Amino acid sequence: MNFLNILLVGGVAAGAIPIIVHLISRSKPREVRWGAMHLIELTLQKQQRRLRIENWLLLLLRICIPVFLALCMARPVLTGAAALWNDAKTSLVVVLDNSYSQDFQATGGTNFENAQKQAADLVAGLQRGSDVSVVMMSGTNSPLYDSGVFNTKRVAEDLKALEAGYGKAEVPSALDVASAISRSMSHAQREVIVISDFQRISWSAEEATLRQRAAERLGAAEIAPRLTLFHTGAEGRENVCVETVSFSPRVLGMNQTLQVRATLRNYGERGHDSLKVVCRVDGKVAHTTQIPLEAGQKRQVLFTHQFDSAGSHVVEVSTDADSLKADNTFRVSIPVWERVPVLVVDGDPSPNRIGERN
Amino acid sequence: MTQVSQLLQPDELQSIANLNLFARQAVEGAISGAHRSPHKGFSIEFAQHREYVQGDDTRRVDWKVFGKTDRYYIREYEEETSLRATLLVDCSGSMDYAREGSISKCQYAMKLAACIAQIIIRQSDSVGMVTFDDQIRSFIPPRSSTSHLRLLYQEMIESRPGGETDLANIFQKLMPRLQRRGMVFIFTDGFSDQRALLQSLSHFRQASHEVVLFHILDPDEIEFPFSAWTKFENLEMFGQFRTLDPASFRVAYLDNLRQFREALKTGCQRHRIDLVPMSTAEPITDALARCLRQRQLTA
């Protein structure tokens, strides 16, 4: 059993008040010199046993009232027993992994889509009156709602609108956010469910201590939520990513040749004999090439291109090597000048501009 | 008169000035008074006819009846005589109880007895007094003189409650000393063995005494208004006490008191004893007037 307001449990001490009052009043009884003693004796003979039992019961009742009130005000919760019945209302925090890896295309959709579906199923399975919150693992870890939401239909709708592909998952901080939300929720039965693909990049061994501490902080709450890790989707064992794209020259005019240098790395376990690399300019395929790329190997690809119009152009280098789309593409924006102003410097260095006299 | 003012206030004396006490049944007396006598004689009030037997005084033959019936009948008359009353005042320890700011049951009984003595002496009847606890403390035989009233008052003032109660034993001891039939006024709280008390009262009745029992209780004894934890010390037995919570005790106590009073009432009715329940909260003169008017109505 736990108490939502643990400080008020101290009010149980008020149960001692009737005993103290009893002892004080008994220690200094009022003295009466009495004539009708035989009536008292007669009554005692008849009632003594009953009166003793009644007095004990009365004392017990008097003790129980403040104790009961204090316990009620402390909001007791039967955390252990709540799980025994299925219709217990639950406060649920869904910690959803929306990192890059969740964008992996598995059977029946991406990992993230599967995670959304599972989260929606969990929310739909809650008892009426349960409250829910959702925390994203990448990005700012900000929860979807400031506090628990009782409208589970709305939560299901909001879950559908979420998207993956936001960098690395920040597990410890996401657990801390989930812990903070869980503390402010309503029900005694509390759960934090982490839905993730548990990719090594986000769940690295280096961060194991941080994760453990975050889990301990979660468990140290007055009403500790039950932490459940829920694996979703398939793990991408093949991953080729376009790491960087650099270009030269930095200042480019119309019809000048641009060199685009893309760096690709194979993180997967399988090598590629001829990996197709595509360079798109403003969304249109401009160049295509094929390169071999062994497992763990890093390689550069060079494209050249001339722009026939000024303005800002988007150059995109991509490969379709694996199902993890998020890192298969790299985009850069390149400004193209109609005229490139040239500053010619001739003669000795001087702080004055050309044509100006000293 | 100092003694009177110590017992009765002038307004109380004034209140009882118009009260008279009549014996409800025949009493024996040496002189002529306002009360019926059981002795039939040559007097004013006609009682009955009876047949002449040898030895009767021929002057008492009713010749008119003889003329009508041709038989000899003797006329009998009721002789009126003076009342002979005895006041039995319980001075046991339990009578010393008094609610705060009020007079004790014993003081109340003494004042009540003083009023009745006043009335009786004023009627030229005779009154005596007995004070007792578990023993007879004093016995003053009935007299009718005004100076006798002073003696009674002195005894009333000097009596102090104390000791235990044994009403049945006292009344048995008193029986032989009340030689002539008359009225017996008993002032007590009745806190004694009730069965023995009623049995001894029946002896008074068998001796043809008219008995009036003033059952005097304090309002505290009637209402049991205590609430805090209380130590009840026995007024009749030094060192005996009970410490209890009166609030939880009250209902049962009041039930016992009700049973006690009902049993006393039933017993008194069975033995044709006048029971007058009294509370010390009630003014004495009011209580006495109520009692005497009730007697007149039922006489």
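None of these values were measured; they are calculated from a predicted model. Quick note: numbers below take in every heavy atom, side chains included, and nothing from hydrogens, waters or symmetry partners.
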Colleague: Could you tell me how the ring of A/His38 sits relative to the ring of B/Phe191: parallel (under 30°), tilted (30 to 60°) or perpendicular (over 60°)?
Modeller: tilted

Colleague: Using heavy-atom distances under 4.5 Å, tell me whether A/Leu44 contacts chain B through its side chain, its backbone, both, or neither.
Modeller: both

Colleague: Is B/Arg195 atom CZ crowded by more than 12 heavy atoms from other residues, nucleotides or ligands, each under 6.0 Å away?
Modeller: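 Incorrect, the count does not exceed 12.
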
Colleague: Which atoms form the tightest heavy-atom contact between B/Leu257 and A/Leu39, and what is the distance?
Modeller: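 For B/Leu257 versus A/Leu39, the nearest heavy atoms are CD1-CD1, 3.5 Å.
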
Colleague: Find the distance between CD (A/Glu41) and CG (B/Asn256) and round it off to the nearest 0.5 Å.
Modeller: 11.5 Å

Colleague: Which atoms of B/Phe260 come close to chain A, meaning under 4.5 Å heavy atom to heavy atom: side chain ones, backbone ones, both, or neither?
Modeller: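 Looking at B/Phe260, just its side chain touches chain A.
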
Colleague: If we only count heavy atoms from C-beta on, is the A/Ile40 to B/Phe249 side-chain gap below 4.5 Å?
Modeller: yes

Colleague: Got B/Tyr97 and A/Val32 here, is their nearest side-chain heavy-atom distance under 4.5 Å?
Modeller: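 When only atoms from C-beta onward are counted, A/Val32 and B/Tyr97 do touch, with a gap below 4.5 Å.
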
Colleague: If you measure from CE on A/Met37 to CZ on B/Phe241, what distance do you get to the nearest 0.5 Å?
Modeller: 9.5 Å

Colleague: Please check if atom NZ in A/Lys117 has more than 12 non-hydrogen atoms from other residues, nucleotides or ligands closer than 6.0 Å.
Modeller: no

Colleague: With a 4.5 angstrom heavy-atom cut-off, which part of B/Leu244 approaches chain A: side chain, backbone, both or neither?
Modeller: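 Only the side chain of B/Leu244 comes within 4.5 Å of chain A.
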
Colleague: Which atom pair, heavy atoms only, marks the closest approach of A/Arg30 to B/Phe226?
Modeller: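 For A/Arg30 and B/Phe226, the tightest heavy-atom pair comes out as NH1-CD2, 3.3 Å.
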
Colleague: Got a second to check how far A/Arg33's CZ is from B/Glu233's CD, nearest 0.5 Å?
Modeller: 7.0 Å

Colleague: Within a radius of less than 6.0 Å around CZ of A/Arg217, do more than 12 heavy atoms belonging to other residues, nucleotides or ligands occur?
Modeller: yes

Colleague: So which part of B/Ala252 gets closer than 4.5 Å to some heavy atom of chain A, the side chain, the backbone, both or neither?
Modeller: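 For B/Ala252, the contact with chain A is made by backbone and side chain together.
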
Colleague: For the residue pair B/Asp220 and A/Trp34, what are the closest heavy atoms and their distance?
Modeller: O-CH2, 3.7 Å

Colleague: Looking only at heavy atoms, which two atoms of A/Gly35 and B/Glu221 are closest? And how far apart?
Modeller: CA-OE2, 4.2 Å

Colleague: So does A/Arg183 have more than 12 non-hydrogen atoms from other groups sitting under 6.0 Å from CZ?
Modeller: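 Yes.
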
Colleague: Taking side chain as everything from C-beta outward and backbone as N, CA, C, O, which of these in B/Asp189 sits under 4.5 Å from a heavy atom of chain A? Side chain, backbone, both or neither.
Modeller: neither

Colleague: Is there side-chain contact between B/Thr230 and A/Pro29, with at least one heavy-atom pair below 4.5 Å?
Modeller: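 SC-SC contact between B/Thr230 and A/Pro29 ruled out.
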
